[in-house]
Student: 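Before we start, here is the structure in question, set down as structure tokens.
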2 protein chains.
Amino acid sequence: MNQLLSPRQVAAAIGVSESSLKRWCDQGLLSTVKTAGGHRRIPVQEALRFVREQNYAVVEPRLLAMPGTDNRKARRIENCAQRMVEELLGNNEQACQAIVFDLFLAGQPVSQIFDEVISLAFRMIGEKWERHEAEVYQERCSCQIALRILHELRSKQTPPDSGLVALGATIEGDQYSLPVMMSEIVLRAAGWDARLLGSSIPFDSMAKAIQQHKPEMFWLSVSFVPDESAFIAGLNRLFEVASKLNTAVVIGGRALTTEIRTRLRYSAFCDTLRHLEEFAKTLRRRTEVGPKKTHKPRKKG
Amino acid sequence: MNQLLSPRQVAAAIGVSESSLKRWCDQGLLSTVKTAGGHRRIPVQEALRFVREQNYAVVEPRLLAMPGTDNRKARRIENCAQRMVEELLGNNEQACQAIVFDLFLAGQPVSQIFDEVISLAFRMIGEKWERHEAEVYQERCSCQIALRILHELRSKQTPPDSGLVALGATIEGDQYSLPVMMSEIVLRAAGWDARLLGSSIPFDSMAKAIQQHKPEMFWLSVSFVPDESAFIAGLNRLFEVASKLNTAVVIGGRALTTEIRTRLRYSAFCDTLRHLEEFAKTLRRRTEVGPKKTHKPRKKG
DNA sequence: CACGAAAACATTCAAATCATTCATTTTAAG
DNA sequence: CTTAAAATGAATGATTTGAATGTTTTCGTG
């Protein structure tokens, strides 16, 4: 589903002349593919990357295969979570989409959108539920909406080409799929070939996956721990397996209290998706540069 | 393995018009074989060479995803499930997508694609798992792939305009989201404004949802029953609430054995999604036509 | 084998895109 | 403020693309 756009379409979408856009293509600011007849074609993901990086205002989002945006041009992230809560509980999917995609088009890092809007919104919904101001079904329905938005967002990312591989999952009994899907998107944005295995996966099966795929990273979003001691034992066992294959074990999630963490072995812990992004970028640099240096010894920091 | 492709197939694969592709053939950019009747046939390797040489972005990767299949034969639904299983376990998302979308574009009803390809494929994966031929993580990963395909499919549907409203869910403890999502798509295809509440919803909250939204239908996909007597009691309670508001309660799913069903109260039971579709269409006609006829009394069947 | 629907053919034509040039606007430096 | 450099966007004629047309071929089915 790799949509291609003509220079005219992209030019119209960002409100700029066709001439300029073609010049930018030729300068390499936008990578294009060419038809056999020599016409330029721009992959949507590439157009979106350009828009986000150059901070261009998108005049016609529909031309970029994006859902229509809110005209309020809410490019500021501050009050978005509050609005998101209202629109989620009101079952207003379009408005929710608009909030997220406006921020995305405005160039906000996905990690920040997730931390400061989506995660926050669901925390607020959780609090509302505790105060009996929201029903369970409303929370679940909101999850469905968010899931669809995440899918949409994922499909708009530049597909990973030949990056490092990361596998991700949630532990057995943990059914919260939103956080682990957000992690996947963040890792892909950071240049990783992140592959989500799914929710509720036994530790033994995770170990099998590591042995069979030999990823550079294995990440775990932990939103709920059904059995604390089993979790600790399982994760430490997993860390053993991963260590032997040079797989970094990264953990995060609201269920990981300080108390639990002290009894765990892992390569990195991330409090937020922003942390995850930072860590992923660092690890990528190290891992990619590292091997090249082996045959040319240098002193290390 | 000298598979031949028609110009249309190659054109679709690289996202250009048939006209252009044929022109390129005639210009010699693609060498073709001709049938006795003068139709162009393009060898797969020639198409691949062209794609690589032109540095062309593959829009519809069917060509690369399933180099061994002929489109006409691929559209026959019989062997799709078997191929689907292989591609799912091989983590080959594009090939899976190709299978489903080929059928969809060929005009197969979604209900049939789901019953005879996706559901069947997962049943086969389940059997493989029982024989220790597949890992848990592979099954979960396959679920993720299927979820993404369903999302894609859903986004391709014409959004429901002003149809009758249906709410759907799975019961508390039942985390199988694939069947309930397929139901949603089927209902939407049948003209309903189907809204999936989500997975694992307590009966009390379902009742709240019915009271607040007053849908014409409430459907339940039951793939797993954690507590049989609680389920029976809960559903019968739900049926009471629904009856008062003229909401039809429709149930289905592999966990509903005959034994359980005899103790349940419901408006309809559907063994397959095909049944669901049929029932939804019937109910829609009745419900839409019904009110208009009230002032013109007739004898009923 | 014959039939009929779906696919492919050749051809035409309007619309889109190309490379290039040039006037105008914006930016930056003096 | 002036001026030069850089960026933008409109205009040009040639080329490419894709949709539409009516006819012919292919292929599964009876």
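Chain letters run A, B, ... following the sequence lines, proteins first and then strands; every chain starts at 1.
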Student: Quick one: A/Gln9 CD to C/dA15 C1', roughly how many Å, whole number?
Tutor: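 After rounding, the reported distance stands at 13 Å.
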Student: Kindly calculate the angle separating the two end axes of the helix from C/dC1-D/dG30 to C/dG30-D/dC1, each obtained from five base pairs, and round it to 10 degrees.
Tutor: 50°
Student: N/O contacts under 3.5 Å, protein versus nucleotides 9-11 of chain C?
Tutor:
{"unit_1": "C/dC9", "atom_1": "OP1", "unit_2": "B/Arg40", "atom_2": "N", "d": "2.4"}
{"unit_1": "C/dC9", "atom_1": "OP1", "unit_2": "B/Arg40", "atom_2": "NH1", "d": "3.2"}
{"unit_1": "C/dC9", "atom_1": "OP2", "unit_2": "B/Lys22", "atom_2": "NZ", "d": "3.4"}
{"unit_1": "C/dC9", "atom_1": "OP2", "unit_2": "B/Arg40", "atom_2": "NH1", "d": "3.3"}
{"unit_1": "C/dC9", "atom_1": "O5'", "unit_2": "B/Arg40", "atom_2": "NH1", "d": "3.3"}
{"unit_1": "C/dA10", "atom_1": "OP2", "unit_2": "B/Arg40", "atom_2": "NH1", "d": "3.1"}
{"unit_1": "C/dA10", "atom_1": "OP2", "unit_2": "B/Arg40", "atom_2": "NH2", "d": "2.3"}

Student: Report yes or no: is the cationic atom of A/Arg274 (NZ for Lys, CZ for Arg) closer than 6.0 Å to the six-membered ring centre of A/Phe279, at no more than 45° off its axis?
Tutor: no
Student: Counting only side-chain heavy atoms from C-beta out, which of C/dT17, C/dA7, D/dA7 sits nearest to A/Ser6?
Tutor: C/dT17
Student: For a salt bridge (Lys or Arg N to Asp or Glu O under 4.0 Å) check, start with the C-alpha distance between A/Glu53 and A/Arg49, then their side-chain angles and the critical distance, and finish with the verdict.
Tutor: CA-CA 6 Å; A/Glu53 277 179 16; A/Arg49 182 197 60 75; 2.8 Å; yes
Student: Can you tell me if the side-chain N/O atoms of A/Thr35 get under 4.0 Å from OP1 or OP2 in D/dT17?
Tutor: yes
Student: Quickly work out the B/Leu4 CG to C/dA8 P distance and round it to whole Å.
Tutor: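 Result: 13 Å.
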Student: Does a side-chain N-to-carboxylate-O contact under 4.0 Å join B/Lys156 and B/Glu152?
Tutor: yes
Student: D/dA7 phosphate, OP1 or OP2: any side-chain N/O from A/Arg23 under 4.0 angstrom?
Tutor: no
Student: My understanding is that only residues two or more places apart in sequence, or in another chain, count here; which of them pass side chain to side chain contact (heavy atoms under 4.5 Å, CB included) with A/Thr158?
Tutor: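 Checked A/Thr158 against side chain to side chain contact (heavy atoms under 4.5 Å, CB included); matches are A/Gln45.
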Student: Counting only heavy atoms not in B/Tyr176 (residues, nucleotides, ligands), do more than 12 fall under 6.0 Å from its OH?
Tutor: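 Result for OH/B/Tyr176: open.
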Student: Return the set of residues passing side chain to side chain contact (heavy atoms under 4.5 Å, CB included) with A/Ser19 (not counting sequence neighbours), or none when no residue passes.
Tutor: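 Scan of A/Ser19 (side chain to side chain contact (heavy atoms under 4.5 Å, CB included), adjacent residues dropped) gives A/Ser17, A/Arg23.
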Student: Listed by chain and number, what are the side chain to side chain donor-acceptor pair (under 3.5 Å) partners of A/Gln54, not counting sequence neighbours?
Tutor: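 A/Gln54 satisfies side chain to side chain donor-acceptor pair (under 3.5 Å) with no other residue.
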Student: Between C1' on D/dG18 and CD1 on B/Ile14, what's the gap in Å once rounded to a whole number?
Tutor: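 That distance rounds to 14 Å.
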Student: For a quick test of reading the model: is some side-chain N or O of B/Trp24 closer than 4.0 Å to OP1 or OP2 of D/dT16?
Tutor: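 B/Trp24 to D/dT16 OP1/OP2: no side-chain N or O under 4.0 Å.
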Student: Once side chain to side chain contact (heavy atoms under 4.5 Å, CB included) is applied, do any residues pair with B/Lys128, and if so which ones, sequence neighbours excluded?
Tutor: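 By the side chain to side chain contact (heavy atoms under 4.5 Å, CB included) rule, B/Lys128 matches B/Val85, B/Leu89, B/Arg131, B/Glu133, B/Ala134.
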